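Have a look at the structure below, then the notes.
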Amino acid sequence: MFLGTEFLEALSTGFSSKDSSGVEKFITDDFECITTFRTMSRQVYLDWVASGGSPTSISDFEPIYENDEVSVIYHNIETRDSEGNARPGRLMCCGSKRDGKFYVLRVARASE
């Protein structure tokens with residue numbers, strides 16, 4: 001199995017259980033998640049996962065490429081606004097790795 005897929009599965013579980021402890025082992029102490037909306041530090045990211053995201057659910061992981069330095073994966077996403085309206089889409093994640101952990105995760109919405 002790919003590290004990127006394992007990470008996203010832990011992330012999915014973390015969103016649904018509102019527990020980020022399974023995500024921690026995949027990210028470095030200086031981890032950053034960079035999206036088109038914001039950049040999150042490690043702690044902000046873990047707190048976001050522990051809150052359930054927006055709420056967020058992710059599924060259908062499609063690894064594109066992975067080696068010791070990088071992991072690129074497409075996946076489906078569904079977020080909900082404060083009124084409960086679903087916003088489905090597809091994301092591409094590119095994770096940079098160091099010593100078997102992610103130190104940067106870049107996320108871009110591929111489609112709506």
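Because the structure is a prediction, the values reported are computed rather than measured.
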Nearest heavy-atom contact between H75 and S59 is CB-O, 3.5 Å
Looking only at heavy atoms, the pair that brings G89 and R109 closest together is CA-NH1, 3.3 Å
Is any side-chain heavy atom of [X] closer than 4.5 Å to a side-chain heavy atom of [Y]?
X: R87; Y: D81; result: no
X: T56; Y: V49; result: no
X: I58; Y: N76; result: no
X: K101; Y: F26; result: no
X: K97; Y: Y103; result: no
X: R38; Y: W48; result: yes
X: L11; Y: Y45; result: yes

Are V104 and I27 linked, directly or through intermediate hydrophobic residues, by side-chain heavy-atom contacts shorter than 4.5 Å (ILVMFWY only)?
no
Hey, any chance I34 and F31 share a hydrophobic cluster, counting ILVMFWY side chains that come within less than 4.5 Å of each other, even indirectly? no
Report the distance from atom [atom1] of [X] to atom [atom2] of [Y], rounding to the nearest 0.5 Å.
X: I64; Y: M92; atom1: CD1; atom2: CE; answer: 9.0 Å
X: S51; Y: L46; atom1: OG; atom2: CG; answer: 11.0 Å
X: E6; Y: S71; atom1: CD; atom2: OG; answer: 10.0 Å

Residues two or more places apart in sequence or in another chain: which of them pass side chain to side chain contact (heavy atoms under 4.5 Å, CB included) with [X]?
X: V107; result: C33, T35, L91, C93, L105
X: P63; result: F2, T5, I73
X: V70; result: Y65, N67, V72, C94
X: S16; result: none

In short, side chain to side chain donor-acceptor pair (under 3.5 Å) pairs touching residues 17-30 with sequence neighbours left out are D19-S21, T28-D30, D30-R98
* **Stepwise salt bridge (Lys or Arg N to Asp or Glu O under 4.0 Å) check, R106 with E32** => CA-CA 8 Å; R106 296 184 196 291; E32 285 187 319; over 6 Å; no
For the CZ atom on F61, are there more than 12 heavy atoms of other groups (residues, nucleotides or ligands in this structure) within a distance under 6.0 Å? yes
Residues at least two apart in sequence or cross-chain that pass ring-ring contact (aromatic ring centres under 6.0 Å, His included) with F102, listed by chain then number, are F7
